[in-house]
Each structure stands twice: as C-alpha cells, then as structure tokens.
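For reference, the structure discussed in these notes is given below.
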Amino acid sequence: MAFRADFPSVYSLYKKLLRSYGPQGWWPIIKRGRIFYHPKNYECPRNEKERFQIIIGALLAQNTSWKNAEKALLSLHCAGLLSFSKLRNASEKEIARLIRSSGYYNQKARRIKNFLEFYPALRRIASPEKMRESLLSLNGIGPETADSILLYAFKQPFFVVDAYTRRFCAAHGICHCDDYEQCRSFFERNLPRDFRIYNEYHALIVQWGKEQNGIRSKRK
DNA sequence: GCCCAGGAGCATA
DNA sequence: TATGCTCATGGG
C-alpha cells in the first residue's frame, strides 16, 4: 500500500472540513414540493422513490450548477413525473421541456429515457462492482455519475471524484489525480471503508470548492 | 456581453 | 493516448 502512510492526513483533512463546515446533509430529497437536506442522517434514501430521485438528480447535475439541476428536478416533481413508471411513460420531448433549466436538456432527456430502459435490469444486479460496470456501459453515464449513483442512491462505498475533488487534491498536495480511477482509489485506500464518510467527505469538498469560487470571484 | 459551472461522448490525430 | 469539439442554460 504505497499511500498507507498518508492515512492520517487524508482522514484528518476530512475531520478538519467537518469541523469547519459541519455535516452537509447530502443528497437532498424532495418532500411536499420542497428540497430537504438531512445533516447527520445517512439513512436516506429510505425507499425506492427517494432512491429514484437521487439517480435522476445525478443525471441532471451533469456539467451544471446544483441550483439549476434542482430547478429541473422540482419541475419534474411538480409535473408528477418523478417516479419510474411516470417518467417511463413520458415522452422525451416532455421531459426535455421540463428539465430545460439544467442545460443540455435534449441530451439529458435522451439519456434519462435510455437509463429508464435499463433500470429494472440494473436493480436486479446484486454485486456493486457489477452494477458499476453496467452503469458505465450506459450512454451518458461516466465514472463520476456512476459513483454518485452508487454512493448516494445505493449507499455503496465508492468515492466520487469531480472537478472540486481534483482542485482540492491539487490545493492540498495530497495526490496527482489526472486519472479518475487513480484518484478514486487513492481516497478509498486512505479512508475507513464507510459509505457515510465517503458521502460526507465528497459533500464537504463541494462546500470547500464553492467557498473557493467565492474567494476567486472576490479577487476579480 | 463574457465567463464559468459538481460531465460525457465522439471524432480526429 | 490525448486533445478538441459539442451539447445549452443561468448567474455573477
């Protein structure tokens, strides 16, 4: 284990972030038409409906701010389409119209429809690794989206690497993460194998990244 | 008006 | 293997 010696530093960075930002309550869930965060509660999703929301949210959040993705998710919810059966019966055109605020709406609507076609078969896969392979084989699902789904919707310990994670690594000099899998494996080898920690750590890195954005825009 | 935001797929070299 | 282009809205 080449990086074993770094265990305290990666984990202590996590604890430091947690102390300064507090639990993030990620991934948020829609209830009664409102978005709810649930700090310190890692039980979500509690049911298939909440799980489904998280998956669609992960697809909508691709290359856009969470705020825009959230608007799109709420608009699907308000149209009564935020469930597998309702969305399965909706047309691609209708979905595209509703998710407009998340950007790339035609592409995302196509990807959602494609995903829904394979979802029942995907649910039958017992092994998390096999499920990851299947997710990655679907059009429009790359490593970050696959790991977000596995971690936040299925509570499986897969560390999510995104643009903020890469910046976080560079800023703290903790690893060279040009390659997605290398970076993921670095975090996974240097943290206790607990989906709650992966969940919170990623959310905290995002919070850190947003704060950095604020600092950068103030400098301009 | 410009730039960037929590990606992914495809073509091309 | 890696680099560039495309998809597109919304907010600062």
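Chain identifiers are assigned alphabetically (A, B, ...) following the order of the sequence lines, protein sequences preceding nucleic acid strands; residue numbering begins at 1 within each chain.
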message: What is the distance, to the nearest angstrom, from the CG atom on A/Leu136 to the C1' atom on B/dG7?
response: 13 Å
field: Basic-acidic side-chain contact under 4.0 Å: A/Arg184, A/Glu181
entry: yes
Cut-off 3.5 Å, no hydrogens considered: what does the side-chain donor-acceptor table look like for residues 76-90 of chain A, sequence neighbours left out?
unit_1  : atom_1 : unit_2  : atom_2 : d
A/His77 : NE2    : A/Gly33 : N      : 3.3
A/Ser83 : OG     : A/Lys86 : N      : 3.4
A/Asn89 : ND2    : A/Ser85 : O      : 3.1

message: Ignoring hydrogens and geometry beyond distance, is a side-chain donor-acceptor pair present between A/Gln62 and A/Arg111 at under 3.5 Å?
response: yes
Distance, rounded to the nearest Å, where A/Gln107 contributes CD and C/dC5 contributes P: 17 Å
task: Return the value, rounded to whole Å, for the distance between atom CG of A/Asn106 and atom P of C/dC7.
output: 10 Å
field: Proximity to the side chain of A/Asn68 - top-ranked nucleotide from C/dG10, B/dG7, B/dC10
entry: C/dG10
query: How is A/Thr145 classified with respect to the nucleic acid when contacts are heavy atoms under 4.0 Å: base, sugar-phosphate, or nothing?
result: sugar-phosphate
- prompt: Can a side chain N or O of A/Arg97 be found less than 4.0 Å away from OP1 or OP2 on C/dT9?
  reply: no
- request: Look at the aromatic rings of A/Phe52 and A/Tyr119 and report parallel, tilted or perpendicular, splitting at 30° and 60°.
  value: tilted
- prompt: What nucleic acid atoms does A/Leu138 come within less than 4.0 Å of, heavy atoms only: base, sugar-phosphate, or nothing?
  reply: sugar-phosphate
message: Rounded to whole Å, how long is the line connecting atom CD of A/Glu144 with atom C1' of B/dG7?
response: 7 Å
task: For DNA chain B, determine which residues of residues 36-43 of chain A have any heavy atom closer than 4.0 angstrom to one of its atoms, and list them numerically.
output: none
message: Students often mix this up, so state it plainly: with edges at 30° and 60°, are the rings of A/Trp27 and A/Trp66 parallel, tilted or perpendicular?
response: perpendicular
- request: Only one of A/Tyr201, A/Tyr11, A/Phe168 passes ring pair (Phe, Tyr, Trp, His ring centres under 6.0 Å) with A/Phe187; say which it is.
  value: A/Tyr201
Distance-only polar pair, side chains of A/Glu200 and A/Tyr14, donor-acceptor under 3.5 Å: no
message: Testing the 3.5 Å rule here: is there a donor-acceptor pair between the side chains of A/Tyr104 and A/Asn63?
response: yes
message: Between A/Glu50 and A/Lys155 (salt bridge meaning N to carboxylate O under 4.0 Å), is one present in this structure?
response: no
task: Have a look at A/Trp26 and say if it touches a base, only the backbone sugar-phosphate, or nothing, with a 4.0 Å heavy-atom cut-off.
output: base
- prompt: How close or far is atom P of B/dA8 from atom CG of A/Leu135, stated in whole angstroms?
  reply: 11 Å
task: Tell me which nucleotide among C/dC7, C/dG11, B/dA8 gets nearest to the side chain of A/Lys71.
output: C/dG11
query: At under 4.0 Å, does any side-chain N or O of A/Tyr104 touch on OP1 or OP2 of C/dT9?
result: no
- prompt: Contact class for A/Ile141 (heavy atom, under 4.0 Å): base, sugar-phosphate, or nothing?
  reply: sugar-phosphate
field: Considering all heavy atoms, the nearest A/Ile55-A/Ala153 contact
entry: CG1-CB, 3.8 Å
task: Measure from CG on A/Asn139 to C1' on B/dA8 and round the result to the nearest Å.
output: 8 Å
statement: When rounded to whole Å, the CG to P distance for the pair A/Leu60 and C/dT9 reads 15 Å
- line: Per the under-4.0 Å heavy-atom filter, residues of residues 112-123 of chain A near DNA chain B come out as none
task: Specify the separation, in whole Å, of atom CG of A/Asn63 and atom P of C/dA8.
output: 11 Å
DNA chain B: 5'-proximal contact among A/Val206 and A/Arg111 (nearest heavy atom): A/Val206
query: How is A/Lys67 classified with respect to the nucleic acid when contacts are heavy atoms under 4.0 Å: base, sugar-phosphate, or nothing?
result: nothing
